[in-house]
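Only one structure is covered here, and it is reproduced in the block below.
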Amino acid sequence: MTDADVEHFIREGFVRIDTAFPRRLADEGRAILWRDTGCDPDDRATWIKPVIRLGLYGPEVFERAANTPILQDGFDALVGKGRWLPRNNLGTFPVRFPSPDDPGDTGWHIDTSFALPTTNPNDFLDWRANVHSKGRSLLMLFLFSDVSEDDAPTRIRAGSHVDVARRLAPAGDDGLSLRELAETGFAESAHRPEVLATGEAGTVYLCHPFLVHAAQPHRGTRPRFLAQPPLLPRAPLRLKRDDGAYSPVEQAIRNALA
């Protein structure tokens with residue numbers, strides 16, 4: 001992770017790491033995921049849904065992919081040494097298939113990370129984010145297949161973490177629910193340039209937790225395999241530190257509110 005990478009993260013809200021984990025692990029993991037989709041890789045007639053969501057994947061291949069030295073270096077550089085928790089899984093995989101059908105999940109959003117006592121845990125729109133990014137240090141995109149512009153790459157609004165920080169600041173510790181954030185359609189970030197999260201299998205995008213992003217329909221020929229887990233904090237993010245040792249995640253928020 002270079003100084004230029006860190007500056008890009010603070011300014012644009014993400015950094016792309018090529019070969020963040022070996023293609024061999026991507027291939028092994030994809031074989032497991034293909035099996036669990038219930039689809040035949042060689043028979044397009046079995047690809048009947050635009051997206052299939054697969055559950056938590058942890059041991060062996062996936063845990064190793066999440067904990068390579070290059071990624072740990074990136075976590076230290078962006079979140080701070082000792083301030084994040086190692087992952088033992090890669091969460092869920094939304095596997096996207098070439099399809100003329102609307103997948104129904106392509107709206108702009110951020111990933112929320114905590115609940116209030118009144119939150120309905122089964123309603124994802126009820127989950128919340130606050131200006132301290134309670135419960136989340138990074139959004140991460142792990143590419144387990146080659147992803148071109150036609151292969152449903154995640155759409156990213158570069159710099160949109162700034163707009164979200166300013167939106168969350170007045171809401172204090174309780175923050176806003178995704179339902180409340182979505183009331184504007186994230187129009188406050190509509191002026192931001194759009195970047196596509198493309199790359200070869202083994203690429204990882206480390207993103208600010210406030211980065212606005214969206215899925216899209218698959219217009220290519222081969223399914224896209226991607227995990228999008230959070231990096232969890234060991235201790236809460238802090239926007240006021242006596243020693244001034246702010247992580248790039250924290251500094252980006254401070255810059256937005258300055």
Requested in this report: Quick one: sort the Phe9 and His208 rings into parallel, tilted or perpendicular, breaks at 30° and 60°.
Outcome: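 The arrangement is tilted - the two ring planes meet at 30° to 60°.
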Requested in this report: Indicate the ring-plane relationship of Phe97 and Trp34, choosing parallel, tilted or perpendicular according to the 30° and 60° boundaries.
Outcome: perpendicular
When rounded to the nearest 0.5 angstrom, what is the spacing between [atom1] in [X] and [atom2] in [Y]?
X      : Y      : atom1 : atom2 : value
Leu143 : Gln228 : CG    : CD    : 11.0 Å
Ile253 : Leu237 : CD1   : CG    : 6.0 Å
Leu232 : Arg136 : CG    : CZ    : 8.0 Å
Asp174 : Leu116 : CG    : CG    : 5.0 Å
Arg23  : Ser145 : CZ    : OG    : 9.0 Å
Asn88  : Asn67  : CG    : CG    : 8.5 Å

[X] and [Y]: side chain donor to acceptor below 3.5 Å:
X      : Y      : answer
Arg157 : Ser189 : yes
Gln251 : Asn255 : yes
Asp5   : Thr2   : yes

Do the non-hydrogen side-chain atoms of [X] and [Y] ever get within less than 4.5 Å of each other?
X      : Y      : result
Ser247 : Arg83  : yes
Thr68  : Val204 : no
Asp36  : Tyr57  : yes
Glu200 : Asp18  : no
Cys39  : Ile52  : yes
Asp163 : Val212 : no

**Report entry** Worked check of side-chain contact (heavy atoms from CB on, under 4.5 Å) between Asp151 and His218
**Finding:** CA-CA 5 Å; Asp151 299 324; His218 197 311; 3.5 Å; yes
What heavy-atom pair brings [X] and [Y] nearest, and what distance separates the two atoms?
X      : Y      : result
Asn130 : Gly172 : CB-O, 3.5 Å
Tyr205 : Thr198 : OH-O, 2.6 Å
Phe75  : Leu206 : CE2-CD2, 3.8 Å
Ser160 : Leu211 : OG-CD1, 3.6 Å
Asp76  : Gly82  : OD1-N, 4.5 Å
Ala214 : His109 : CA-CE1, 4.2 Å

Keeping [X] on the side-chain end and [Y] on the backbone end, is there a donor-acceptor pair under 3.5 Å?
X      : Y      : answer
Arg224 : Pro153 : no
Arg128 : Gly175 : yes
Asp101 : Pro50  : no
Arg155 : Glu194 : no
Arg44  : Thr221 : yes
Thr119 : Trp127 : no
Arg96  : Leu226 : no

Query raised in the report: Taking the six-membered ring where the residue is Trp, are the ring centres of Phe62 and Phe21 under 6.0 Å apart?
Result: no
Report task. In sequence, state the C-alpha distance, the side-chain angles, and the governing distance for Lys134 and Asp173, and then conclude on side-chain contact (heavy atoms from CB on, under 4.5 Å). Result -> CA-CA 9 Å; Lys134 180 179 179 178; Asp173 289 343; over 6 Å; no
**Report entry** Crowding at CD, Glu60 (>12 non-hydrogen neighbours, <6.0 Å)
**Finding:**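 At most 12 heavy atoms, drawn from other residues, nucleotides or ligands, come within 6.0 Å of this atom.
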**Report entry** Residue Asp243 excluded, over 12 heavy atoms near CG under 6.0 Å
**Finding:** yes
State plainly whether the residues [X] and [Y] are in salt-bridge range, i.e. N to O under 4.0 Å.
X      : Y      : value
Glu250 : Arg241 : yes
Arg179 : Glu183 : no
Asp146 : Arg30  : no
Glu149 : Arg219 : no

Query - Chi angles and distances behind the side-chain contact (heavy atoms from CB on, under 4.5 Å) call for Gln216, Leu196 - result: CA-CA 10 Å; Gln216 63 174 311; Leu196 300 178; 3.8 Å; yes
Requested in this report: Step by step, work out the side-chain contact (heavy atoms from CB on, under 4.5 Å) result for Phe186 and Ile110.
Outcome: CA-CA 9 Å; Phe186 289 89; Ile110 66 167; 4.1 Å; yes
**Report entry** hydrophobic_cluster_shared for Phe142 and Val61, side chain cutoff 4.5 Å
**Finding:** yes
Query raised in the report: Going only through I, L, V, M, F, W and Y residues with side-chain contacts under 4.5 Å, is there a path from Phe225 to Val51?
Result: no
Query raised in the report: Does NZ or CZ of Arg222 fall inside the cone over Trp47's six-membered ring, less than 6.0 Å from its centre and within 45° of the axis?
Result: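 No, Arg222 and Trp47 do not form such a contact.
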